[in-house]
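Have a look at the structure below, then the notes.
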Amino acid sequence: MFSQSKLRPAQTEVTTTSCALCGSGCRLKIITEPDGKSRVAGDRHDPVSGGQLCRKGLNALELMNHPQRLTQPMKRVGKRGEGKWKTISWQEAIEFTAKQLTASQQQWGQNSVFMAYGYSKDFMYTQLLRLANGLQTVNIVGPETVCWAPTKLGREYTLGYNPSHDINEQTRCIMLWGVNKYKTRFSDVKQLNVALKSGAKTVCIDPQYTRHAKKANHWLPIKPGADLALALALLKIIIDEQLYDHEFVAQWCEGFDQLKQHLARYDLEQLAQEVQISSAEILSVARLYAQSKPAVIISGNALDHNTDSFQVNRAIAMLMAITGNLDIPGGQFQSHAPSLVSGRWPYDDKEVHALSTQKRACSAGTPVLPEYFRATNQGITRAILHSVPMPIKAGLVMGANPLLSWPDTHAVHQALSALDFLAVSELFMTPTAMMADIVFPAASFMEYEGITQGLDGSVRYQPKLAQTGNARPDHQIVAAIGETMGVLDPQSDTAYWDDFLQPGGLDFATVKALQMVLPPASPHRYRKYLTDGFPTHTGKVELYSAQLATMNADPLPMYRPMAADNPAFPLRLTTAKSKHYMFSHGRQISPLRNVHPEPLVRVHPETASRLGLKEGQNVRVETPNGRVIYQTLKLDTYLSPTVVVADLSWWYPEKGEATLGGVFESNYNVLTSIDDDGRGQGEAGSFNINGLPCRLCGIK
């Protein structure tokens, strides 16, 4: 049932809302029977999901009603991480937080306060940025360096925009690169199947044998982290064999000769060896993609997981361009459809520009690209530990879990331990919340009235279905802190939502009355570059980027090998999302935990046999930096014998605060690093996740 206080209905009741556990916004039907029991079902009329729901969405009520939910503000009374708390009022929690943030800025400067947010918090991103701007701190940080930013910026620096795809019956080739639509954004599978039934060929580039790989004409089990080497090999073949669109390149590409000369420096066999795929197979894929028009490349955020991710996505944008697949029916597409909202993701532009570019460039770890104005995870960690480029002494974390999601868990723990003050807003007592001085109980998406947006661009009303304790929505918590500190003006919830709805000429009352507002239908207009050009400095596709050259960044993608092979650590480690969890979220939810109860590390049976390991055994995963995690071995006959795939973001809520939920035991980010491995820190601030050298050992 919704909550213990909800009366039983005389007949079956159906309430519709939209899921906010990821960014898709699938419609949910909450069905309450006369006996008071409730369940979740999909809405077959939903343009996004068509009635399908993932396991996370189906168990949204389990999350809302979970007995371990935080229900009251709490204040730490023992040592940090000791697990001693007292319940306090909202007023005391807000006032104490405001006092501590003010004290930090008065003693250490405006940038001594950082703010962090996690994924899937909708319009709260802009609300937190408003608070950061009001406090004049540039140290606001999110997950974008490894999720979205390298892809978006890499393609924008090349094409002027980040293309979507127009997959339909005309599409002849689909290249799925580092993505598994069956686990994330499954709503795209329908259009993929339309193209496949019409004869489209597919290429799957993934170390793992996914459902896409099973259906593909070509599966390239790439060495983890070698994506740029493969992209350069594909470009080299297409140019050397004259398979590119000569007319498009001549008229609309800037720097083609420079790219051609640059690629001449690479040997195809050496690139193939780096990728660990035969040159013959790479040749076949290059020819298929270049000669099958229209063609699309769909990538996932696996391509955002290394320091060269920005250049990987530059190279992929070049593949789209030189084959003439930009803004054509059945190919890549540039949407000009106006949005009905502002500020949902990533931010409201006016808030981005509220502080100067020069000031934002001083944030902790900000990369060279001015468009990435935020701090980085590793930059915040370094600044706390070493006071470089400035001392950071206090933090406000909203729906994020840095101890699980930031690189080098041990360094993050040291950093959080060193803070003078930390406040965390959360649904549950996470490892990061366990390190806080103040913990705010956050409302789940079904516990406050608001709006969200579906993948189709529609705006959806989100009703309040229940109240868990004294939990409050994040945006109200941020507003209360800002008002107490005198940097945000009081604003009603209605005015808050109205503000985001202005671009579509809507208001909250209208969306509530209509329940869902679809964007105006507009036919696709293709090849807009013929009249508008490309939204770059030159008006063309910039294969060679003079803009990057002025920043002392690589104007053309240059492959730098990963860490050299190490006989003591002969395997290459990567990770993959679980369809049952949203990163570190959901380990408390029994229906999810029952189907994925423990962290799994997958290897080829030959590798396990050679190491004397057996399936189901708990094993050590070790990296050269001296870090170790423990996961349960699972055999995978499709993996390369040199590849290891470990679960990410794993912790154990049942282990409690004495061990911070076992955060150091199995969490993948124990193994990652905040240090430069010789390939730089990345133009978009990424850190290395894929391709880490490792070894596996049994536990004696």
Side-chain angles (χ1 to χ4, degrees), residues 141-163 177-179 205 222 224-235 254-255 258-259 262-263 266 297-321 332 346 357 360-361 363 365-379 407 534-537 541-562 672-691:
V141 60
E144 294 91 350
T145 59
V146 292
C147 180
W148 170 80
T151 293
K152 179 178 184 290
L153 295 174
R155 297 178 192 185
E156 286 180 348
Y157 264 76
T158 311
L159 310 175
Y161 65 95
N162 182 17
W177 200 327
V179 66
I205 303 170
I222 187 172
D227 300 275
L228 185 52
L230 178 59
L232 293 174
L234 294 171
L235 283 168
E254 185 79 13
Q258 289 154 299
L259 174 62
H262 176 67
L263 293 170
Y266 292 95
I297 299 176
I298 305 173
S299 65
N301 66 15
L303 296 190
D304 295 339
H305 289 175
N306 285 76
T307 55
D308 62 0
S309 291
F310 171 80
Q311 295 292 357
V312 169
N313 283 286
R314 283 255 295 141
I316 288 174
M318 294 175 190
L319 284 167
M320 298 171 180
Q332 310 292 161
T357 302
R360 291 207 184 279
S363 66
T366 294
V368 297
L369 303 180
E371 292 83 0
Y372 193 87
F373 62 86
R374 313 158 191 78
T376 62
N377 308 149
Q378 56 269 41
F534 285 86
T536 61
H537 288 277
V541 173
E542 296 186 354
L543 305 175
Y544 177 93
S545 174
Q547 185 183 9
L548 287 173
T550 63
M551 301 176 192
N552 293 320
D554 292 337
L556 290 163
M558 181 176 294
Y559 182 69
R560 294 176 176 85
M562 296 177 291
T672 56
S673 175
I674 63 174
D675 297 324
D676 183 353
D677 69 349
R679 296 203 297 172
Q681 290 291 309
E683 295 89 339
S686 305
F687 60 93
N688 287 325
I689 298 174
N690 299 326

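Note that the structure is predicted; figures quoted are calculated from it, not measured. The first residue in the sequence is number 1, and the count goes up from there.
- Between Val368 and Phe310 there is no side-chain heavy-atom pair separated by less than 4.5 Å.
- Taking the ring pair (Phe, Tyr, Trp, His ring centres under 6.0 Å) definition, one finds that Tyr266 meets it with His262, sequence neighbours left out.
- Taken to the nearest 0.5 Å, the NE2 atom of His537 stands 7.5 Å off from the OG atom of Ser545.
- A donor-acceptor pair is defined here as one N or O able to donate and one able to accept, closer than 3.5 Å; no such pair exists between the side chain of Gln311 and the backbone of Tyr559.
- Of the possible donor and acceptor atoms, one in the side chain of Asn688 sits under 3.5 Å from a partner among the backbone N and O of Thr307.
- One finds the CD1 atom of Ile222 at 4.0 Å from the CG atom of Asp227 (value rounded to the nearest 0.5 Å).
- Using a 4.5 Å cut-off on side-chain heavy atoms (C-beta onward), Arg374 and Val141 make no contact.
- In this structure, Glu542 contributes its side chain and Pro555 its backbone to no donor-acceptor pair below 3.5 Å.
- A donor-acceptor pair under 3.5 Å links the side-chain atoms of Thr158 to the main chain of Gly154, judged by distance alone.
- Under the 4.5 Å side-chain criterion, counting only non-hydrogen atoms from C-beta, Thr376 is in contact with Pro367.
- Within the 3.5 Å criterion, the main-chain N or O of Leu543 finds a donor-acceptor partner in the side chain of Arg314.
- Proximity of Glu683 to Met551: side-chain heavy atoms (C-beta onward) are nowhere separated by under 4.5 Å.
- To the nearest 0.5 angstrom, Thr145 atom OG1 is 5.0 Å from Asn377 atom CG.
- Thr151 is not listed as a side-chain neighbour of Asn301, based on a closest heavy-atom distance of 4.5 Å or more.
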| task | Please assess Arg155 against Met320 for the test side-chain contact (heavy atoms from CB on, under 4.5 Å), listing each intermediate value before the final yes or no. | result | CA-CA 10 Å; Arg155 297 178 192 185; Met320 298 171 180; 3.7 Å; yes

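- If you take CG on Asn306 and CE on Met562, they are separated by 7.5 Å, rounding to the nearest 0.5 Å.
- When the side chain to side chain contact (heavy atoms under 4.5 Å, CB included) test is applied to Ala315, the partners found at least two apart in sequence or on another chain are Leu228, Ala231, Leu235, Pro557.
- Donor-acceptor pairing under 3.5 Å is lacking for the side chains of Asp304 and Ser309.
- A side-chain donor-acceptor contact under 3.5 Å links Asn690 to the backbone of Ala302.
- Partners of Phe687 under the ring pair (Phe, Tyr, Trp, His ring centres under 6.0 Å) rule, at least two apart in sequence or in another chain, do not exist in this structure.
- Across all non-hydrogen atoms, the minimal contact from Asn313 to Ser299 is OD1-OG, 4.4 Å.
- Interatomic distance, Gln547 CD to Tyr157 OH, rounded to the nearest 0.5 Å: 4.0 Å.
- Taking CG from Leu303 and CD1 from Ile297, the interatomic distance works out to 10.0 Å, rounded to the nearest 0.5 Å.
- Under the 4.5 Å side-chain criterion, counting only non-hydrogen atoms from C-beta, Leu259 is in contact with Met318.
- Looking at every heavy atom in both residues, Ala321 comes nearest to Leu159 through CB-CD2, 4.2 Å.
- For the pair Leu548/Leu556, no side-chain contact is recorded, criterion being any heavy-atom separation below 4.5 Å from C-beta on.
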